[in-house]
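Numbering of ligands and ligand atoms starts at 1, following listing order. Side chains included, hydrogens not; waters and symmetry mates left out as well; all remaining heavy atoms used.
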Amino acid sequence: MSDRKVSWHANPSTPSFKLPPGAVDAHCHVFGPTAEFPLSPKAKYTPQDAGPDMLFALRDRLGISRNIIVQASCHGTDNAATLNAIAKSRGKARGVAVVDLAISDFELERLHDGGIRAVRFNFLKRLVDEAPKDKFLEISRRILPLGWHTVVYFEADILEEMRSFLDAIPTLVIIDHMGRPDVTRHPDGPEMGAFRSLLDSREDIWTKVTCPDRLDPRGPPWNDFARFASPLVSDYQDRVVWGTDWPHPNMEDAVPDDGDLVDMIPRIAPTADLQRKLLIENPMRLYWPEEATLRGIVPATD
Ligand code: 0GY
């Protein structure tokens, strides 16, 4: 067990930025606890346990109100650890599943009842063995009646070959971590141009302005990341969400301080209006739509 990695900060700082009440961490994970929820035999990394109690302690410490728990690839297509964390949150978490391509409708409904609202398709070869686009599209068609959306994780160098697949997804789409651009390049260069043209192609393509630690090789204070993320937050203000990415899978060599991650927010979303959309209105609209309408967080639509 000694090779199990710790990829999170043991004692994150208290952020200077005070999150508004109701802020959602729209991208985080749990690992285990593995005594109850073992890692997948196909896992490409073997982290130490980082279960719901730890996640919710961090949530409270940072001033976050709710979590969107994304099934981590080390748990494969068994979403039990994610469902367990959602159940323990007492309504303060919802989730994104990774599903077996032969999943039954009954199982999809069971996931819905457990708080799942999206599936994730992962195209990173270091994380998954296969990413069959035709089968993924079939799943996206099947989740449409549940009102779910599709989360897609890929790196910028394959965006062009991803375009026809992304164009064909029938649900709302969220691209993880801004499509993982090389942030040492110019934010107005061809790579971001291609990403913006994807966002411009459909009103229902969203992105997560997440992972400065993962994307910015120069490290804190992550100035290059900020140059990429802040124009997206203002130009696509109704379809961006933020998250910590805790427990930062595979980041054991450059573990971020989660307090610093919160302090990035006013740098990429400098006004109270942008912060409210990024942290509350947008994720609530996606993950708790009924409550968002009932509580007047988003205007009711006809
Ligand atoms: C992330 C990024 C990574 C890992 C996973 O599911 C996962 O294992 O998402 C990564 O290693 O880039 O979004 O957490």
Side-chain angles (χ1 to χ4, degrees), residues 3-9 24-32 34 37-52 54-55 58 67-83 85-86 93-100 111 116 118-131 136 149-159 162 173-183 206-217 222 225 228-229 240-256 258 261 264 283:
D3 63 341
R4 290 185 59 187
K5 303 270 174 26
V6 172
S7 51
W8 58 92
H9 202 290
V24 181
D25 174 352
H27 187 97
C28 54
H29 314 273
V30 288
F31 303 146
T34 49
F37 308 106
L39 299 177
S40 161
K42 293 184 183 167
K44 305 291 188 220
Y45 58 95
T46 51
Q48 294 274 3
D49 285 0
M54 289 170 66
L55 175 64
L58 180 79
N67 297 98
I68 303 306
I69 303 170
V70 178
Q71 167 80 354
S73 63
C74 60
H75 279 295
T77 57
D78 180 349
N79 293 280
T82 297
L83 290 170
I86 296 171
R94 282 198 160 156
V96 176
V98 175
V99 300
D100 189 288
L111 292 176
I116 297 295
V119 289
R120 187 189 204 202
F121 301 143
N122 187 336
F123 286 85
L124 267 67
K125 292 197 172 71
R126 67 178 166 78
L127 294 175
V128 290
D129 292 329
E130 51 169 10
F136 282 168
H149 59 272
T150 302
V151 176
V152 190
Y153 188 24
F154 60 88
E155 287 172 328
D157 61 343
I158 66 161
L159 173 55
M162 292 289 291
V173 178
I174 307 190
I175 310 293
D176 275 341
H177 318 330
M178 306 189 291
R180 289 199 62 132
D182 176 351
V183 300
W206 294 36
T207 195
K208 296 179 192 167
V209 284
T210 34
C211 293
D213 50 308
R214 210 178 270 291
L215 298 183
D216 193 336
W222 302 309
F225 172 88
F228 272 65
V240 282
V241 295
W242 171 88
T244 58
D245 187 40
W246 188 91
H248 315 292
N250 299 304
M251 291 301 292
E252 52 276 355
D253 294 331
V255 170
D258 301 280
L261 292 171
M264 277 304 289

**Prompt:** What residue and heavy atom of the protein are closest to atom 6 (O) of ligand 1, and at what distance?
**Reply:** S73 N, 2.7 Å

**Fill in**
For atom 10 (C) of ligand 1, the closest protein heavy atom turns out to be R214 NH1, 3.1 Å

**Request:** Please examine the side chains of F225 and M264, heavy atoms only from C-beta on, and report whether any two atoms are closer than 4.5 Å.
**Result:** yes

**Protein contact to atom 12 (O) of ligand 1 [nearest heavy atom, distance to 0.1 Å]** = Y153 OH, 2.5 Å

**Asked** Of all residues at least two apart in sequence or in a different chain, which pass the salt bridge (charged side-chain N to carboxylate O under 4.0 Å, His left out) check with D49?
**Response** R4

If you look only at distance, which donor and acceptor atoms sit under 3.5 Å apart when one is on a side chain in residues 68-76 and the other is two or more places apart or in another chain?
| unit_1 | atom_1 | unit_2 | atom_2 | d |
| --- | --- | --- | --- | --- |
| Q71 | OE1 | T82 | OG1 | 2.7 |
| Q71 | NE2 | H75 | O | 3.3 |
| Q71 | NE2 | G76 | O | 2.9 |
| Q71 | NE2 | D78 | O | 2.9 |
| H75 | ND1 | P38 | O | 3.3 |
| H75 | NE2 | G32 | N | 2.9 |

**Gap between atom OG1 of T244 and atom CG of D25 - 0.5 Å precision** = 3.5 Å

**Asked** Parallel, tilted or perpendicular: which fits the ring planes of H29 and F31, with parallel below 30° and perpendicular above 60°?
**Response** parallel

**Asked** To the nearest 0.1 Å, how far is atom 14 (O) of ligand 1 from its closest protein heavy atom, and which atom is that?
**Response** H29 NE2, 2.6 Å

**Message:** When you compare the side chain of M54 with that of W8, does any pair of heavy atoms fall below 4.5 Å?
**Reply:** yes

**Message:** Would R126 count as a contact residue for ligand 1, given that I'm defining contact as a non-hydrogen atom of the residue lying under 4.0 Å from a ligand atom?
**Reply:** yes

**Request:** Before signing off on this row, confirm whether D176 and ligand 1 have an N or O atom pair separated by under 3.5 Å.
**Result:** no

**Message:** Taking 4.0 Å as the limit for heavy-atom contacts, which would you say applies to T210 with ligand 1: side chain only, backbone only, both, or neither?
**Reply:** neither

**Item:** Protein heavy-atom partner closest to atom 13 (O) of ligand 1 - residue, atom, separation in Å
**Value:** H177 NE2, 2.6 Å

**N/O donor-acceptor pair under 3.5 Å between N79 side chain and V98 backbone** = yes

**Complete:** ligand 1 to A72, heavy atom cutoff 4.0 Å, flagged ligand atoms 6 (O)

**Prompt:** Is the shortest side-chain N to carboxylate O distance from R214 to D245 below 4.0 Å?
**Reply:** yes

**Complete:** Within 4.0 Å of some non-hydrogen atom of R120, the atoms of ligand 1 are 1 (C), 5 (C), 6 (O), 7 (C), 9 (O), 13 (O)

**Complete:** Numbered in order shown, the ligand 1 atoms found under 4.0 Å of a heavy atom of P249 are 4 (C), 11 (O), 14 (O)

**Asked** Can you tell me which residue and heavy atom of the protein come closest to atom 1 (C) of ligand 1, and the distance to 0.1 Å?
**Response** D245 OD1, 3.4 Å

**Asked** If you count the atoms of ligand 1 from 1 in the order shown, which ones are under 4.0 Å from a heavy atom of R180?
**Response** 12 (O)

**Prompt:** Which ligand 1 atoms are under 4.0 Å away from a heavy-atom of Y45?
**Reply:** 7 (C), 8 (O)

**Prompt:** Using a distance-only test with no angle check, is there a side-chain donor-acceptor pair under 3.5 angstrom linking R180 and Y153?
**Reply:** yes

